[in-house]
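Side-chain atoms are counted along with the backbone in the values below, which use heavy atoms only and exclude waters and symmetry mates. Residue numbers begin at 1 in each chain, while the letters A, B, ... track the order of the sequences.
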Number of protein chains: 2
Amino acid sequence: MKPTSTVPSCGTDQAKRGCAGSFRLEEFLPYLLSVAANRVSGLLARRYQDAFGLTIPEWRCLAVIGEREPISASGIVDRTAMDKVKVSRTLASLEAKGFVQRAAHPTDGRLALFSFTARGRTVYERIVPLALETEREVLAGLSTGEERALRVGLLSLLKSLEEIEGEKNRF
Amino acid sequence: MKPTSTVPSCGTDQAKRGCAGSFRLEEFLPYLLSVAANRVSGLLARRYQDAFGLTIPEWRCLAVIGEREPISASGIVDRTAMDKVKVSRTLASLEAKGFVQRAAHPTDGRLALFSFTARGRTVYERIVPLALETEREVLAGLSTGEERALRVGLLSLLKSLEEIEGEKNRF
DNA sequence: AGGTGATAGTTTCATATGAAACCAACGTCA
DNA sequence: TGACGTTGGTTTCATATGAAACTATCACCT
């Protein structure tokens, strides 16, 4: 497993794409995925910023609040794959901007419940169409079947990852 | 395009998923994509780090050097979707770790050409199988057809993005 | 009550990031 | 030749990030 020669011994030891000489970064799925995600996020970030002065974490929090208002910070953590530090800071900034308000939980003094202000709700309702429009644009090159396949693939991927990481991550 | 009412007029104006009340973050493709990419990157990052002490940018540079050695920093920028600051720093770190070496370009004094050291080549040849193995694991839940569909979808997405961004980005 | 361990959320601190400024070498045009 | 705009690459600086520490509350057990 540790070839020391300068020239790798290709062509016999691995079936396909298996030897170093034939590795192609641009066909490597994790790379493709990362580039695609970053580009899509970048496009959205620019649009959210230009139209509403929102960052992606801010938009994500608003999106979840829109689904489950009122919701606690940890509820948002569960539904966004963002860590709690980022959520905490994002909620603070949304509060400062006057888009959300925090209220004490009636019985549990640890929780803060977040909901829209009137202004936050308006922004939310205006930004949803922008988000969906951008999603459609980005998917414009794909047929309905291809889009479905892409979604299925991503969900499958996430499922695989949960299994793989579960071995090491469930503490 | 700018509804001012507090309550969105749902149910009639958009076919599906078109009004704020029905927006689902976890079905929003940019979000799915971002979560999937981050999780895959995270898994790889842990493995590269544990096995070889490499970060993802470092591995990306090594991957490109493995394809086109010797190559300049700007050549790597072109092939990795990383910005030149990150590439510059990553190459400096790879050089410090003794994995790559830099040489002056024979005729153009601006370019530095990077190639593997013996040690760097060894690491590269050992890390390629790890990368491919991880790719296979992550894709384990997908059939061959589904995997192809996912790849096609991602490439399509990237093509769409080039067109969309081209309008505003080609300076 | 009082101790103990878990949970919610914030703050600290060290590192990562990238836009913009910067330096150096190039090519070209007068 | 020598100004000038360009390109390759590094440095600066202000911001973003997240692990770990911290505070406060809760739930449970004695």
If you measure from the Lys or Arg side-chain nitrogens to the Asp or Glu carboxylate oxygens, is any gap between A:Arg39 and B:Glu163 under 4.0 Å?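 Looking at B:Glu163 together with A:Arg39, the answer is no, because their closest N to O distance does not fall below 4.0 Å.
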- prompt: If each of B:Ser72 and A:Pro57 is mapped to the nucleotide of DNA chain D with the nearest heavy atom, which maps nearer the 5' terminus, i.e. the 5' end?
  reply: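 Nearest nucleotide further toward 5': that of B:Ser72.
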Judged by nearest nucleotide, the residue sitting upstream toward the 5' end of DNA chain D, A:Thr107 or A:Arg89, is A:Arg89
Examine the side chains of B:Arg60 and A:Ser34 and answer whether a donor and an acceptor come within less than 3.5 Å of each other.
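Distance-only check passes for B:Arg60 and A:Ser34.
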Task: Donor-acceptor side-chain pairing of B:Ser93 and B:Glu58 below 3.5 angstrom - done: yes
Nt span of DNA chain C in reach of chain B heavy atoms at under 4.0 Å, 5' end first, is C:dT17 to C:dC26
Spacing of [X] atom [atom1] relative to [N] atom [atom2], expressed in whole Å:
X	N	atom1	atom2	value
B:Asp83	D:dT11	CG	C1'	14 Å
B:Lys84	D:dT11	NZ	P	13 Å
A:Asp108	D:dC26	CG	P	6 Å

Would you be so kind as to tabulate the donor-acceptor pairs closer than 3.5 Å made by side chains of residues 100-107 of chain A, with sequence neighbours excluded?
residue: A:Gln101; atom: NE2; partner: A:Phe116; partner atom: O; Å: 3.2
residue: A:Arg102; atom: NE; partner: A:Glu95; partner atom: OE1; Å: 3.1
residue: A:Arg102; atom: NE; partner: A:Glu95; partner atom: OE2; Å: 3.4
residue: A:Arg102; atom: NH2; partner: A:Glu95; partner atom: OE1; Å: 2.9
residue: A:His105; atom: ND1; partner: A:Thr107; partner atom: N; Å: 3.0
residue: A:His105; atom: ND1; partner: A:Thr107; partner atom: OG1; Å: 3.4
residue: A:His105; atom: ND1; partner: A:Asp108; partner atom: N; Å: 3.0

Please check: side-chain N/O of B:Glu69 versus main-chain N/O of B:Ser115, any donor-acceptor pairing under 3.5 Å?
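Pair absent, no side-chain N/O of B:Glu69 close to backbone of B:Ser115.
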Keeping the roles fixed (side chain from A:Arg47, backbone from A:Leu43), state whether a donor-acceptor pair exists under 3.5 Å.
no
> A:Ala112 near the nucleic acid: base, sugar-phosphate alone, or nothing, with a heavy-atom cut-off under 4.0 Å?
Replying inline: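 Sugar-phosphate, backbone atoms only, no base.
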